[in-house]
Amino acid sequence: MNLITQWGLAVLISTQTLSLSAQEAGGRKPNSEQIIERLAAPVSQGKTRGWRGITVEGGEAQAAAAPSIDLEVNFEYASAQLSPDARIVLDNLGLALNHASLQSARIQLVGHSDAKGGDAYNLTLSRQRAQSVANYLGSQHGIAEKRLAVEGMGRSQLAVADQPYSALNRRVQVINLGQP
């Protein structure tokens with residue numbers, strides 16, 4: 001093999017390894033294409049919502065069927081201040097939300113915490129963190145504030161209920177609510 005072929009093979013292996021790493025981490029640090037794939041699933045307006053061959057009708061079940069993705073967005077300890085690592089994840093989200101398939105979608109950002117701390121503290125902090133994500137998307141990627149809804153869930157919806165202090169519970173859920 002010549003040097004160029006070896007280099008190309010190394011790049012291919014590295015790219016596949018990075019892709020696998022995102023999947024191994026629960027897909028919580030996906031690239032913009034992976035985010036688009038998850039969030040751009042068809043969302044119908046009205047009482048019936050279809051997604052990947054599943055049709056759900058009515059109220060809360062309809063919201064549950066909305067395309068979504070959980071992202072690992074790291075913050076400074078006990079703060080809503082974004083870490084440098086968080087900006088990388090949010091830059092991928094910003095690129096995805098500006099993609100043609102998502103640029104007019106209304107997006108809900110839901111902050112979640114682990115079980116450390118009290119209910120009121122975690123609820124407030126998770127909402128502040130979701131708001132920090134919205135602010136970053138607006139200032140760095142031009143995402144209009146009217147497209148983003150912000151909510152904090154605190155520790156009420158643990159991703160790993162049998163491990164309440166797990167870092168996997170600290171996440172930002174991004175939900176495609178469809179067209180306004």
Side-chain angles (χ1 to χ4, degrees), residues 15 18-19 21-45 49 51-52 60 62-114 117 121-159 166-180:
T15 303
L18 287 174
S19 179
S21 296
Q23 291 171 353
E24 289 167 0
R28 293 170 17 121
K29 289 188 176 184
N31 62 36
S32 60
E33 291 84 13
Q34 291 166 320
I35 294 171
I36 292 166
E37 183 181 319
R38 290 289 300 273
L39 293 179
V43 178
S44 65
Q45 304 304 308
R49 184 173 301 244
W51 185 53
R52 296 188 185 206
E60 291 180 28
Q62 180 177 353
S68 70
I69 188 168
D70 284 350
L71 299 177
E72 181 178 337
V73 180
N74 295 317
F75 297 88
E76 300 300 326
Y77 180 74
S79 159
Q81 180 70 37
L82 295 169
S83 72
D85 185 47
R87 290 178 176 86
I88 295 168
V89 174
L90 295 180
D91 286 339
N92 286 334
L93 178 59
L95 289 171
L97 295 181
N98 280 320
H99 186 269
S101 63
L102 293 171
Q103 67 187 5
S104 61
R106 183 141 164 78
I107 302 295
Q108 184 171 19
L109 302 170
V110 184
H112 296 270
S113 71
D114 61 22
Y121 175 80
N122 281 327
L123 187 61
T124 299
L125 183 59
S126 65
R127 186 174 193 315
Q128 289 171 343
R129 287 178 170 182
Q131 187 62 57
S132 288
V133 169
N135 293 345
Y136 184 85
L137 292 171
S139 67
Q140 300 301 310
H141 294 278
I143 308 296
E145 185 178 333
K146 67 181 181 178
R147 284 185 59 202
L148 301 174
V150 175
E151 184 176 6
M153 299 304 292
R155 61 184 185 177
S156 66
Q157 296 179 0
L158 298 175
S166 170
L168 294 174
N169 292 313
R170 297 187 301 267
R171 66 200 191 281
V172 174
Q173 184 180 15
V174 181
I175 304 168
N176 180 351
L177 300 175
Q179 304 299 316

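Here the structure is a predicted model, which means the values were calculated and not measured. One is the number of the first residue; the rest follow in order along the sequence.
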(request) Taking all non-hydrogen atoms of both residues into account, name the closest pair between Leu39 and Val174 and its distance. (result) CD2-O, 3.5 Å
(message) Show every side chain to side chain donor-acceptor pair (under 3.5 Å) that has at least one partner inside residues 94-111, sequence neighbours left out.
(response) His99-Ser101, Ser104-Gln179, Gln108-Glu151
(request) Starting at CZ of Arg171, measure out to CG of Asn74 and round the result to the nearest 0.5 Å. (result) 14.0 Å
(request) Calculate, to the nearest 0.5 Å, the distance between atoms CG and CG belonging to Leu148 and Leu97 respectively. (result) 7.0 Å
(message) Ignoring hydrogens, what is the shortest heavy-atom contact between Ala105 and Asn176? Give both atom names and the distance.
(response) CB-OD1, 3.5 Å
(message) Checking Asn31 against Asn92: is there a side-chain donor and acceptor pair closer than 3.5 Å?
(response) no
(message) Show, in sequence, the C-alpha distance, side-chain angles and deciding distance for Asp70 and His112, and conclude whether the side chain to side chain donor-acceptor pair (under 3.5 Å) test is met.
(response) CA-CA 10 Å; Asp70 284 350; His112 296 270; 5.5 Å; no
(request) Search all heavy atoms of Gly111 against all heavy atoms of Ala130 and return the closest pair with its distance. (result) N-CB, 3.8 Å
(message) With side-chain contact (heavy atoms from CB on, under 4.5 Å) as the criterion, how do Ser83 and Phe75 come out once you've worked through the C-alpha distance, each side chain's angles and the decisive distance to 0.1 Å?
(response) CA-CA 5 Å; Ser83 72; Phe75 297 88; over 6 Å; no
(message) Under the side-chain contact (heavy atoms from CB on, under 4.5 Å) test against Leu90, which residue among Leu82, Leu95, Val172 passes?
(response) Leu82
(message) Looking at Glu145, I want to see if its CD is surrounded by more than 12 non-hydrogen atoms of other residues, nucleotides or ligands under 6.0 Å.
(response) no
(request) Indicate the atoms forming the closest heavy-atom contact of Arg155 with Asp114, along with that distance. (result) CB-O, 3.3 Å
(request) Give a yes or no answer on whether the side chain of Arg38 reaches the backbone of Ser68 with a donor-acceptor pair at less than 3.5 Å. (result) yes
